[in-house]
Amino acid sequence: MDSIHLSPRLKAVADFVPLNARLADIGSDHAYLPVNLLLNDKISHAIVGEVAKGPLDNAHHELKKRHLLERADVRLASGLAAINDTDNVDTVTIAGMGGILISNILNAGKQQEKTFKTLVLQPNTDEQIVRRWLTTQHYQIIDETIVQEESHFYEIIAAVVGEQQLSDLDLIFGPYLRVEKTATFVAKWQKESERIALIFKQLQAAGKSDTDTYRQWQLRYNQIQAVIS
Ligand code: SAM
C-alpha cells in the first residue's frame with residue numbers, strides 16, 4: 001500500500017470524502033489518505049494532524065515526495081487542536097484508531113466548539129460508541145460501508161450535521177450496514193458468533209451457564225443471529 005494504491009480500508013474512507021472538501025485528516029501517520037485525495041484532485045486542501053513526531057515526519061516526507069507541500073499543512077497536535085478556524089475545514093477524517101479514542105478526540109473538539117459539516121470515521125473497534133457519539137452530538141449518519149482485509153473487518157461511517165434517532169440494533173450493527181447486509185457484513189458477524197460460541201463452551205465447562213455474564217452473551221448471540229439470518 002502507498003498513497004497511489006490505497007488499501008481497501010483507506011480507499012473506502014477516501015470514497016466518502018466529498019468532492020472539493022477542505023479536509024483535516026487526524027492521526028494521519030504516513031498521510032497516504034490526504035496525499036491520494038490531493039493527487040486525484042478530489043480535495044482542495046488538507047490539514048494533516050499527528051500527535052507523534054515519527055508519524056508526523058512520515059507525513060511530511062510523503063507530501064514532499066509527491067510535491068504537495070503547498071496544498072497541505074502538517075501539524076503536530078492532539079486531535080482536532082490541529083485545526084484552526086481560519087483553515088475553513090469542512091470535512092474531518094479519523095481512521096485506524098479505536099472507537100473510544102475517536103470519540104474522545106471528537107469530544108475534546110466539541111469542548112473547543114469545533115464543529116465540522118462532514119465526519120468520515122473508521123474505528124477499528126467499538127463502532128457502537130462512535131455511532132452513539134454521533135447521534136447524541138447532533139450528527140446524522142448518511143452512509144456506511146464495511147471492508148475486509150485479511151482476517152480484519154473495518155466499518156467506515158460517514159456523517160453530517162443533523163438529527164437522527166438510532167435504535168440499539170442500529171448502534172451495534174449500523175443503520176445502513178444492517179439493512180444492506182452485504183456478504184462482508186454477514187462474514188464479520190458470523191465470525192463474532194463463532195467467538196461467542198467458544199465463550200459459551202468455556203462458561204459451561206466452568207459451571208457458569210446460569211450467570212448474568214452467560215445471559216449477556218446469549219443476548220448478543222441472539223441479536224446477531226436475528227440480524228444476519
Ligand atoms: N489514519 C491512518 C490510517 O488509517 O492508516 C493511520 C492510523 S495509525 C494506526 C493511528 C495514528 O493516530 C498514529 O500515527 C498515532 O500517532 C495517531 N494518533 C493517536 N492519537 C492521536 C491524537 N489524539 N491526535 C492525533 N493523532 C493521534
Side-chain angles (χ1 to χ4, degrees), residues 1-18 21-40 42-43 45-66 68 71-85 87 89 91-116 118-127 129-130 133-134 137 143-159 184 188:
M1 196 221 346
D2 59 22
S3 56
I4 312 281
H5 310 94
L6 293 182
S7 65
R9 175 183 65 84
L10 278 182
K11 169 83 170 62
V13 175
D15 285 347
F16 277 158
V17 172
R22 286 186 66 88
L23 176 78
D25 185 40
I26 302 302
S28 197
D29 193 355
H30 33 62
Y32 290 161
L33 173 68
V35 166
N36 179 278
L37 290 166
L38 285 167
L39 287 173
N40 289 314
K42 180 138 184 230
I43 58 172
H45 186 267
I47 304 292
V48 178
E50 248 305 328
V51 76
K53 181 81 172 64
L56 189 89
D57 292 343
N58 294 342
H60 190 270
H61 175 82
E62 185 65 23
L63 283 157
K64 192 172 174 194
K65 182 169 129 188
R66 307 286 179 193
L68 289 170
R71 295 172 64 196
D73 293 289
V74 185
R75 300 204 181 129
L76 187 64
S78 180
L80 304 181
I83 309 168
N84 302 324
D85 286 350
D87 294 325
V89 164
T91 303
V92 172
T93 46
I94 312 180
M97 298 180 209
I100 294 174
L101 178 55
I102 291 178
S103 303
N104 288 344
I105 287 173
L106 293 169
N107 256 336
K110 267 270 165 171
Q111 279 157 23
Q112 297 157 16
E113 299 191 1
K114 294 187 180 207
T115 301
F116 304 96
T118 304
L119 301 178
V120 183
L121 308 173
Q122 184 268 299
N124 288 344
T125 55
D126 295 308
E127 295 86 352
I129 290 177
V130 172
W133 187 91
L134 289 168
Q137 300 302 319
D143 211 347
E144 296 174 305
T145 191
I146 181 166
V147 297
Q148 182 172 7
E149 286 183 16
E150 296 175 0
S151 62
H152 296 282
F153 294 93
Y154 300 105
E155 297 184 15
I156 298 99
I157 304 166
T184 308
K188 168 184 169 150

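Both ligands and their constituent atoms are indexed starting at 1 by order of listing.
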Crowded around Asn40 CG? As in, over 12 foreign heavy atoms under 6.0 Å?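 Yes, because the 6.0 Å sphere around CG of Asn40 holds more than 12 heavy atoms from other groups.
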
Is it the case that over 12 heavy atoms from other parts of the model lie below 6.0 angstrom from the NZ atom of Lys42?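 Buried by this count: over 12 neighbours within 6.0 Å.
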
Contact atoms of ligand 1, heavy-atom distance to [X] under 4.0 Å:
X	value
His30	5 (O)
Ile105	22 (C), 23 (N)
Met97	12 (O), 18 (N), 27 (C)
Glu50	11 (C), 12 (O), 13 (C), 14 (O), 15 (C), 16 (O), 17 (C)

Quick one: does [X] get an N or O within less than 3.5 Å of an N or O on ligand 1?
X	value
Ser28	no
Arg9	yes
Gln122	no
Ala95	yes
Gly79	yes
Gly27	yes

Are any side-chain N or O atoms of Gln122 and backbone N or O atoms of Gly96, one a donor and one an acceptor, separated by less than 3.5 Å? yes

Do the side chain of Glu50 and the main chain of Ala52 share a donor and acceptor less than 3.5 angstrom apart?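 Checked: pair present.
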
Between His5 and Asp2, does any side-chain donor sit less than 3.5 Å from a side-chain acceptor? yes

Between Arg75 and Asp87, does any NZ, NE, NH1 or NH2 come within less than 4.0 Å of an OD or OE carboxylate oxygen? yes

Closest approach of Leu6 and Met1, non-hydrogen atoms and distance? C-CG, 3.7 Å

Among protein heavy atoms, which lies nearest atom 23 (N) of ligand 1, and at what distance? Ser78 OG, 3.2 Å

Any heavy-atom pair between the side chains of Leu106 and Gln137 that's under 4.5 Å? no

When Val13, Asn124, Leu10 are each screened for side chain to side chain contact (heavy atoms under 4.5 Å, CB included) with Tyr154, the one that passes is Asn124

Just do the side chain to side chain contact (heavy atoms under 4.5 Å, CB included) check on Val92 and Ile83 with the steps written out, would you? CA-CA 10 Å; Val92 172; Ile83 309 168; 4.0 Å; yes

Test of understanding: given a 4.0 Å heavy-atom threshold, classify the contact between [X] and ligand 1 as side chain, backbone, both, or neither.
X	result
Ile94	neither
Leu10	side chain
Val13	neither

Tell me whether Ala77 reaches ligand 1 (any heavy atom closer than 4.0 angstrom to a ligand atom). yes

Using heavy-atom distances only, which candidate in Gly96, Pro55, Ala52, Ala59 approaches atom 10 (C) of ligand 1 most closely?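 Among Gly96, Pro55, Ala52, Ala59, the closest heavy atom to atom 10 (C) of ligand 1 comes from Gly96.
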
Nearest heavy atom to atom 21 (C) of ligand 1: which of Val48, Leu80, Thr93, Val51 does it belong to? Val51

Scan residues 100-114 for pairs that pass side chain to side chain donor-acceptor pair (under 3.5 Å), counting only residues two or more places apart or in two chains.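 Every side chain to side chain donor-acceptor pair (under 3.5 Å) pair that includes a residue of residues 100-114, provided the two are not neighbours, is Asn107-Trp133.
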
